[in-house]
Number of protein chains: 2
Amino acid sequence: MGVRVSSANSLTVDELGSAAQRDRRKRILDATIALASQGGFDAVQMRAVAEQADVALGTLYRYFPSKIHLLVSALQREFERTEAALRDRPVEGDTTADRVINVLKRTTRGMQSDAKLTEALTRAFMFADASVQAEIHQVGMLLTSMLTRVMRPEDHDELTEEDVAIAKVIGDVWLSALVGWVTGRNSAAETGQQIEVAVRLLLRD
Amino acid sequence: MGVRVSSANSLTVDELGSAAQRDRRKRILDATIALASQGGFDAVQMRAVAEQADVALGTLYRYFPSKIHLLVSALQREFERTEAALRDRPVEGDTTADRVINVLKRTTRGMQSDAKLTEALTRAFMFADASVQAEIHQVGMLLTSMLTRVMRPEDHDELTEEDVAIAKVIGDVWLSALVGWVTGRNSAAETGQQIEVAVRLLLRD
DNA sequence: GGACAAACTGGAACGTGTTCCTATTCTAGG
DNA sequence: CCTAGAATAGGAACACGTTCCAGTTTGTCC
């Protein structure tokens with residue numbers, strides 16, 4: 001059954017590739033982001049990505065074995081950038097809940113400002129099966145660590161099990177809220193509300 | 001933009017159809033469930049559904065305008081059955097948290113016993129866009145009411161805003177956990193654990 | 001520089017969701 | 001019973017993800 005971790009290719013290319021390979025990979029991801037920003041999930045067509053990245057279709061599939069891998073890898077790159085940007089800026093808010101809410105709302109706002117892109121990446125994330133496990137796990141870790149860092153900005157080493165559990169629950173709610181928004185079931189305001197309510201329920205101290 | 005609520009057909013057929021139409025609709029959903037149980041999301045191929053339901057492809061599309069609509073409608077029917085079955089049986093557990101956990105674990109176990117079917121239905125649910133809003137909303141309401149009923153079995157009318165908010169958060173976590181399990185990222189045990197942790201965090205009284 | 005392997009190109013081909021069209025069958029109203 | 005209109009059958013056609021292949025270019029080792 002489909003529990004093959006077939007991302008060996010992209011990983012290899014990612015880590016050991018020549019300059020030309022790194023450049024191709026970057027061009028492909030850039031094209032992916034551009035097309036997704038413009039037209040969302042449906043607009044990220046493999047032939048279009050290949051053409052815009054100036055790469056043959058077969059080569060595209062050599063770097064990313066499926067459209068889902070492609071989009072999740074793009075998500076991973078974007079998320080790493082977001083996380084790095086967040087690392088620099090100070091976190092406002094006195095209570096833990098305030099800080100978490102601020103960070104999540106800031107991030108959510110950033111994603112909502114590029115709705116089509118977010119739709120494409122979120123869809124891919126939700127549709128990814130076990131063959132994309134590595135990339136998915138990476139994103140999940142980034143999110144959790146983003147949250148715990150905000151929760152315990154000083155003594156990040158002394159996280160309790162409960163802290164981590166809370167961060168994970170918040171991550172789950174955030175994901176559900178995002179899916180609701182992406183699929184047009186919730187407005188942006190409702191999405192923010194949904195997250196805020198969850199955080200206040202979980203962090204009342 | 002795709003924000004058309006194009007489910008008028010299936011709704012009409014559902015509510016006002018002749019006996020023959022109700023029968024066709026049932027045959028189609030039965031075929032969908034059968035194929036999904038056997039081979040999951042990928043095995044629910046529109047041509048196969050049509051053939052097994054003894055219906056032309058065009059007719060299938062007349063009843064359900066897309067594969068996603070088809071699967072979400074199937075999910076809705078299954079969920080209504082689950083909810084009805086749950087209504088009869090008494091809820092075990094002394095504390096609120098215990099009851100909620102029991103219900104969720106029971107439901108989750110039921111879904112995990114037909115993994116392929118659950119995979120198909122969950123995938124469809126996560127992929128559904130605004131055009132399936134009506135059906136999705138229905139399922140969400142069922143889930144929330146299922147949870148609040150278990151939380152306040154006696155005085156179900158006196159639900160506080162917080163009760164409903166908690167139920168929604170739990171629903172979000174359940175959905176995320178389900179997606180994690182369906183996509184092969186979490187084991188069944190981890191899924192149950194994930195839900196239990198969230199419930200205990202949210203219902204500590 | 002030459003030889004070999006790996007990577008890339010260009011494009012054909014296949015599967016499945018979706019659309020469309022024509023002929024046939026069913027259903028309701030007279 | 002007859003007829004107009006709706007619903008269905010049967011199947012061709014199209015779009016896009018994916019696979020595959022033959023020929024060419026690139027990179028590496030001697």
Side-chain angles (χ1 to χ4, degrees), chain A residues 2 4 6-10 12-14 16-28 31-32 35-36 39-73 120 123-124 127-129 131-132, chain B residues 2 4 6-10 12-14 16-28 31-32 35-36 39-73 120 123-124 127-129 131-132:
Chain A
R4 186 93 42 81
S6 62
S7 60
N9 272 328
S10 58
T12 304
V13 169
D14 194 15
L16 307 173
S18 67
Q21 281 171 332
R22 258 179 282 119
D23 189 54
R24 272 205 187 82
R25 187 184 152 90
K26 178 180 184 311
R27 285 208 313 273
I28 291 173
T32 303
L35 287 167
F41 187 87
D42 290 341
V44 181
Q45 300 184 358
M46 300 306 269
R47 291 174 179 84
V49 171
E51 188 180 2
Q52 182 150 340
D54 201 29
V55 138
L57 188 57
T59 305
L60 172 53
Y61 273 92
R62 233 182 95 68
Y63 280 74
F64 301 96
S66 78
K67 175 170 173 172
I68 298 295
H69 278 83
L70 173 60
L71 281 167
V72 172
S73 298
R123 276 248 158 86
F127 211 68
D129 67 355
S131 74
V132 209
Chain B
R4 186 92 43 80
S6 61
S7 61
N9 272 328
S10 58
T12 304
V13 169
D14 195 16
L16 308 173
S18 67
Q21 282 171 333
R22 258 179 282 117
D23 189 55
R24 271 205 187 80
R25 187 184 152 90
K26 178 180 183 312
R27 286 209 311 275
I28 292 173
T32 303
L35 287 167
F41 187 87
D42 290 340
V44 181
Q45 300 185 357
M46 300 305 269
R47 290 173 180 82
V49 172
E51 187 180 4
Q52 182 149 342
D54 200 28
V55 138
L57 189 56
T59 305
L60 172 53
Y61 273 93
R62 233 182 95 69
Y63 280 72
F64 301 96
S66 77
K67 173 170 175 172
I68 297 295
H69 278 83
L70 173 60
L71 281 167
V72 172
S73 298
R123 275 247 158 86
F127 210 67
D129 68 355
S131 74
V132 209

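Convention: sequence-line order gives letters A, B, ...; per-chain numbering from 1.
How far OH of A:Y63 is from NZ of A:K26: 14.0 Å, rounded to the nearest 0.5 Å. How far NZ of A:K67 is from OH of A:Y61: 9.0 Å, rounded to the nearest 0.5 Å. How far CE of A:M46 is from OG1 of A:T32: 7.5 Å, rounded to the nearest 0.5 Å. Of the inter-residue distances, the one linking B:R24 atom CZ with B:T59 atom OG1 reads 6.5 Å to the nearest 0.5 angstrom. Expressed to the nearest 0.5 Å, how far CD1 of A:I28 lies from CD of A:Q52 amounts to 12.0 Å. Distance check: A:L57 CG to A:R62 CZ gives 14.0 Å after rounding to the nearest 0.5 Å.
The distance from atom OH of B:Y63 to atom C1' of C:dG17 is 21 Å, rounded to the nearest whole Å. Computed from coordinates, the B:F64 CZ to C:dG17 P distance equals 16 Å when rounded to whole Å. The CZ atom of B:R24 sits 12 Å away from the C1' atom of D:dA6 (whole-angstrom rounding). Rounding to whole angstrom units, CG of residue B:D23 and P of D:dT8 are separated by 12 Å. Counting to the nearest Å, the C1' atom of D:dA6 and the CD atom of B:Q21 are 10 Å from each other. Between the CZ atom of B:F41 and the C1' atom of D:dG17 there is a distance of 13 Å, given to the nearest Å. The CG-C1' distance, from B:L60 to D:dA9, rounds to 13 Å in whole Å. For B:I68 and C:dG17, the CD1 to C1' distance is 10 Å, given to the nearest whole Å.
Between A:A36 and A:A120, the closest heavy-atom pair is CB-CB, 3.7 Å.
Of the two residues contacting DNA chain C, namely A:D54 and B:A20, the nearest-nucleotide position lying further toward the 5' end is that of A:D54.
For B:F41 and A:F127, the ring centers are positioned less than 6.0 Å apart.
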Please list, for nucleotides 19-26 of chain D, all pairs of protein and nucleotide N/O atoms separated by less than 3.5 Å.
none

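Between the A:E51 side chain and the A:A48 main chain, no donor and acceptor come within less than 3.5 Å of each other.
You'll find that the side chain of A:R62 is closest to C:dC8, out of C:dC8, D:dG17, D:dA7.
Residues from residues 45-52 of chain A lying near DNA chain D, meaning a heavy-atom separation below 4.0 Å, are A:Q45, A:M46, A:R47 in numerical order.
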